[in-house]
Chemist: 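Shown below is the structure under consideration.
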Amino acid sequence: MTLAGRLVAAAATLAIGVTTLVALSGPANAAEEVYPVPASGAWTVDGRAFGHGRGMSQWGAQAQALQGRSAAQILDFYYPGTGTATQPASTYVKTSLVTYTPASSVTVWAPEGRTIRMGTVGSETFGFTGRWTITVSGQTVTAQRRDAPNGAVTDTRQFTGVFRMESLDEYGMVIAASQGDTSGRWYRGDIRIEPTSGTAFNVTNSLPMEGYLRSVVPRESPASWGAAALQAQAVAARTYAQWKVDHGSALCDTTTCQVYAGRGTANAAGTLTASNEDARSDAAIAATAGQVRTYNGAAAFTEFSSSNGGWTTAGGYPYQIAQQDPWTGSAPGDTVSRWTASLPVSTVAAQCPSNGTLRALVVTSRTGNGELGGRVLQARVDCSTGSRTIATPAFGLRSSWWRPRPTTPALEQVLVSSSAIDHGGQFAIGATPNVPLSWTLTVVDRSTGRLAATVHGSAQSGVRFNANWFGTYDSPPAGASPYVGPGTYDLTLSAQDDAGNQAAPFRTALEVRPPADPAPQAEVALRGAGSYVPLTPTRVLDTRDTFSALGGGRRADVVVAGKAGVPADASAVVLNVTAVGTSVAGHLRVWPAGSAMPNTSVVNTDPARVQASLVTVALGGGGAVSVYNPVGTTHYLVDVLGYYTTGGTGARYTAVDPVRAFDSRYTGQQLTDGAPRTIDVAAALDVPAASLSAVTVNVTTTRAQGNGYVVAYGGGGLPTTSTVNLQLGADVANRAVVPVVNGTVTLALKGAPADAIVDIGGWYGAPGGTSGALFTPITPTRVLDTRLTTPLGPTGQRVVPVPTSVVPTGATAVAGTVTAVNQTAPWTHARVWPAGLPLTPTSDLNSTGAHTQANAVVVRLGAGGAVAVYNDQGTSHLLLDVVGYFG
């Protein structure tokens with residue numbers, strides 16, 4: 001419950017409750033208010049109140065305080081018939097911290113370096129220090145200690161049942177969502193982890209009532225308000241919490257209950273850096289210590305809302321009465337007791353039975369209390385498919401106290417300056433308004449649906465105006481170009497009169513041409529014999545954020561060195577490159593900046609889907625890699641997975657026959673959003689966990705129920721990156737190099753449920769080890785293109801020699817990209833394996849007919865320094881490009 005506006009407790013309020021469904025209605029009766037559908041697409045409504053109106057009006061309490069009334073008088077007015085009692089100072093409350101639920105883990109540490117007491121409730125012990133990351137499996141709670149964010153695990157403990165943590169004298173604990181967070185919320189009292197099922201758990205905070213109020217009161221009523229208003233808020237909040245406790249109802253930290261945010265924000269050292277408490281609110285709590293409002297000897301249900309609009313609303317208790325409130329609406333700064341808003345026709349039409357067309361909105365009854373006829377008790381939507389009656393509708397407005405008014409403004413004689421502009425060019429929409437208007441021009445990138453720019457202005461009646469856009473986007477990051485990249489942009493010119501009546505918007509599409517390529521970087525010689533350093537997957541570029549799609553025939557340079565943990569002297573990087581928002585089918589090429597562009601691709605672009613591929617590429621001039629798009633426009637994402645260094649501090653690579661480490665199809669449990677899976681790759685490889693720093697895996701998604709993606713990562717918090725995307729009705733694979741933590745990797749899904757398969761193709765040993773192979777990047781080279789010969793038929797195989805001019809004799813494995821083109825079967829897959837050995841049982845690339853698809857491969861060289869390729873269904877052309885080798 002915040003002042004800015006909430007409908008508390010059981011009053012759910014902004015939802016729309018359907019009570020009856022009847023046939024097409026006849027004429028409205030005389031008492032009904034009929035509002036036909038406006039041509040503008042929205043009604044302008046005048047409204048009163050913010051919230052349900054039961055109990056205390058916070059703005060009314062402030063007005064009374066400013067007029068010298070006491071807290072007792074305020075409470076007597078809003079809760080008539082209740083009395084005052086004092087509860088013991090030892091009263092405790094428990095709040096569910098919805099902020100951290102659901103979560104795969106939380107991290108907790110003591111404020112100000114205090115000693116921690118923790119353990120199963122009733123069996124806690126003192127003497128613990130450091131940061132503890134908590135995870136749950138069933139009823140088992142695992143706590144792992146670190147001494148710093150993203151530090152090494154120094155202690156692991158397990159407990160069964162409800163797990164409790166506190167510092168001495170319940171001074172409080174700090175909690176954060178991720179073990180890498182450098183700050184968290186400091187909560188007084190204790191923190192409890194309550195397992196539910198699987199890996200899920202609830203986080204709760206138990207503390208004395210008075211400490212709890214120190215956070216709630218300033219969240220509900222500004223601490224700058226009058227002392228009496230704050231004291232009344234303290235008593236109302238205390239009583240509300242006590243009623244919840246007495247009735248076995250859970251308290252939470254959101255607007256569903258009372259807003260609670262703990263003592264404040266603390267840094268990694270446990271020092272308070274920002275307080276959620278205020279001395280003025282504390283004084284109000286102390287002045288009313290223990291006071292609650294009671295009715296018949298029990299705590300009253302002291303609901304409250306931001307504003308009652310001038311009349312309180314009757315509720316289900318004798319002290320919840322409807323009465324005129326002469327104070328609400330009179331306090332300086334009150335903008336929520338009286339308001340004007342737009343009610344879209346689409347919002348109301350959503351209530352039509354069977355998706356019918358809305359004909360009219362009819363208000364059938366009101367309370368009769370106050371202006372505008374009072375709150376709406378019942379309304380009806382008359383539609384082409386019948387009528388539906390709705391009780392106390394709010395339709396997403398601030399309250400159920402509203403009344404529409406007509407809308408008539410219009411934009412006339414609308415013309416556009418052009419249908420396309422150059423990068424950084426100017427565009428204008430000219431129009432003549434029929435009444436004085438304020439207007440807004442919005443620009444949306446069609447490929448992503450993101451809002452690029454908003455321009456505002458005003459115009460006089462009959463006076464023509466231009467709404468200009470200069471090809472820029474709002475709030476560009478420091479150092480970034482302020483101009484949008486190429487592609488199609490949807491522009492909407494909307495307008496309203498002084499009363500808020502909306503004109504019909506004008507919409508048009510505009511093409512932005514691509515800019516020239518950047519100046520070329522200096523060429524950098526390739527460096528070989530690199531060892532690998534895995535990193536937490538980190539996104540270093542998302543062109544959707546800067547509206548910088550890559551145009552056809554255009555190159556962009558992406559600086560990687562110095563970002564995401566990649567040092568300036570890295571010899572090569574491992575990236576995941578994703579193409580999204582593509583206009584036409586094509587591909588992307590990636591190579592060291594400054595070098596000649598290769599004729600090989602790394603990922604194919606497709607308007608129908610998001611496609612990603614692992615890319616291993618040497619760093620070029622300026623620590624950058626170049627990206628080229630031959631046709632159309634596309635957005636792309638670049639995630640850093642790790643890098644190679646010639647300093648010998650990284651890990652060496654050992655290629656193995658593919659090992660299937662995970663297949664959810666045989667567990668009967670698809671991956672679901674919010675339920676990560678841990679995969680024991682050390683056991684799958686039969687290698688000691690301490691010997692593993694990373695693994696090369698092929699992650700395949702199948703049987704997806706919708707859109708989304710899967711990310712493979714080492715552990716800890718979920719990265720803001722993706723590994724492989726979901727495609728309804730198709731199998732999608734992508735290679736990844738994943739850090740190994742304690743012998744395991746983690747697989748998590750965001751979006752619709754899907755199955756996933758993880759095949760291991762090799763592993764990196766401990767940093768600095770001498771066993772295994774080093775990596776040498778080469779100029780990307782195509783060693784197979786069956787389009788120049790014949791395609792592979794069903795179950796077709798072909799041996800592909802890798803010339804010694806491409807990789808030297810003695811190389812043990814090659815890294816590259818396999819691409820399927822012109823597949824005739826609805827779906828097929830390709831395999832790549834060492835020549836001379838039996839056909840590998842695992843796939844490397846899943847593809848569907850009519851879609852060119854690619855995936856990275858890392859494969860051992862077989863007999864004669866060759867590899868073999870295989871196509872499963874129909875005929876398919878296969879391409880194989882080599883980007884480097886291990887040896």
Side-chain angles (χ1 to χ4, degrees), residues 71-72 75 79 82-97 108 110-112 114-126 161-175 185-194 202-220 230-253 257-264 275-279 281-302:
L75 294 166
Y79 308 109
T82 64
T84 300
T86 301
Q87 64 182 12
S90 59
T91 301
Y92 270 62
V93 293
K94 184 172 80 169
T95 302
S96 177
L97 303 183
V108 185
E112 302 176 354
R114 296 167 71 91
T115 300
I116 301 171
R117 182 185 180 196
M118 71 182 192
T120 304
V121 170
S123 302
E124 307 95 329
T125 57
F126 265 111
V162 177
F163 176 70
R164 180 172 178 264
M165 300 182 74
E166 64 171 354
S167 58
L168 188 63
D169 299 324
E170 294 189 342
Y171 193 62
M173 296 297 293
V174 182
I175 183 170
R185 284 191 182 178
W186 179 345
Y187 291 91
R188 298 177 182 276
D190 68 21
I191 296 294
R192 303 186 188 194
I193 307 297
E194 302 180 359
N202 292 326
V203 182
T204 63
N205 173 214
S206 297
L207 74 165
M209 173 75 80
E210 303 305 290
Y212 164 78
L213 294 176
R214 292 180 67 181
S215 174
V216 170
V217 174
R219 303 274 76 71
E220 294 290 352
L230 297 179
Q231 292 169 17
Q233 180 67 72
V235 174
R238 184 185 292 114
T239 310
Y240 179 88
Q242 188 60 53
W243 187 93
K244 286 276 191 176
V245 171
D246 292 346
H247 288 76
S249 300
L251 280 169
C252 63
D253 58 352
C257 305
Q258 300 183 125
V259 177
Y260 171 63
R263 181 176 181 181
S275 178
N276 291 330
E277 301 172 353
D278 192 284
S281 302
D282 290 348
I285 296 167
T288 62
Q291 289 184 21
V292 293
R293 280 279 159 158
T294 60
Y295 186 81
N296 285 342
F301 189 36
T302 51

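All values below come from the heavy atoms of this structure, side chains included, with hydrogens, waters and symmetry mates left out.
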Chemist: Quick one: closest heavy-atom pair of Ile116 and Ala110, and the distance?
Modeler: CG1-CB, 3.6 Å
Chemist: Of all the heavy-atom pairs spanning Ala241 and Gln258, show the shortest one and how long it is.
Modeler: CB-NE2, 4.2 Å
Chemist: Tell me the closest heavy-atom pair linking Met173 and Ser167, and the distance in Å.
Modeler: SD-N, 3.6 Å
Chemist: Kindly give the heavy-atom pair with the smallest separation between Ala289 and Thr86, and that separation in Å.
Modeler: O-CG2, 4.0 Å
Chemist: Anything under 30° is parallel, anything over 60° is perpendicular, the rest tilted; go ahead and classify Tyr240 against Phe301.
Modeler: parallel
Chemist: Between Glu124 and Gly122, is there a donor-acceptor pair closer than 3.5 Å when you use the side chain of the first and the backbone of the second?
Modeler: yes
Chemist: Where do Leu213 and Pro218 come nearest, in terms of heavy atoms and distance?
Modeler: O-CD, 4.0 Å
Chemist: So, the side chain of Ser215 versus the backbone of Gly211: is there a donor-acceptor pair under 3.5 Å, distance only?
Modeler: no
Chemist: Using salt bridge (Lys or Arg N to Asp or Glu O under 4.0 Å) as the criterion, list what pairs up with Arg114, not counting sequence neighbours.
Modeler: none
Chemist: side-chain hydrogen bond (donor to acceptor under 3.5 Å, both in side chains) for Gln242 and Thr91? Distances and angles first, verdict last.
Modeler: CA-CA 9 Å; Gln242 188 60 53; Thr91 301; 4.7 Å; no
Chemist: Ignoring hydrogens and angles, tell me if any N or O in the side chain of Asp190 forms a donor-acceptor pair with the backbone of Asn205 under 3.5 Å.
Modeler: no
Chemist: So, Arg219 side chain and Asn276 main chain: donor-acceptor pair closer than 3.5 Å or not?
Modeler: yes
Chemist: Main chain of Gln291, side chain of Arg238: is a donor-acceptor contact present, judged purely on distance under 3.5 Å?
Modeler: yes
Chemist: Ring pair (Phe, Tyr, Trp, His ring centres under 6.0 Å) with Tyr171: which residues, sequence neighbours excluded?
Modeler: Trp186
Chemist: Between Ser206 and Lys94, which heavy-atom pair has the shortest distance, and what is it?
Modeler: OG-CG, 3.4 Å
Chemist: Is there a ring-ring contact (aromatic ring centres under 6.0 Å, His included) between Tyr295 and Tyr79? Walk through the geometry before answering.
Modeler: CA-CA 10 Å; Tyr295 186 81; Tyr79 308 109; over 10 Å; no
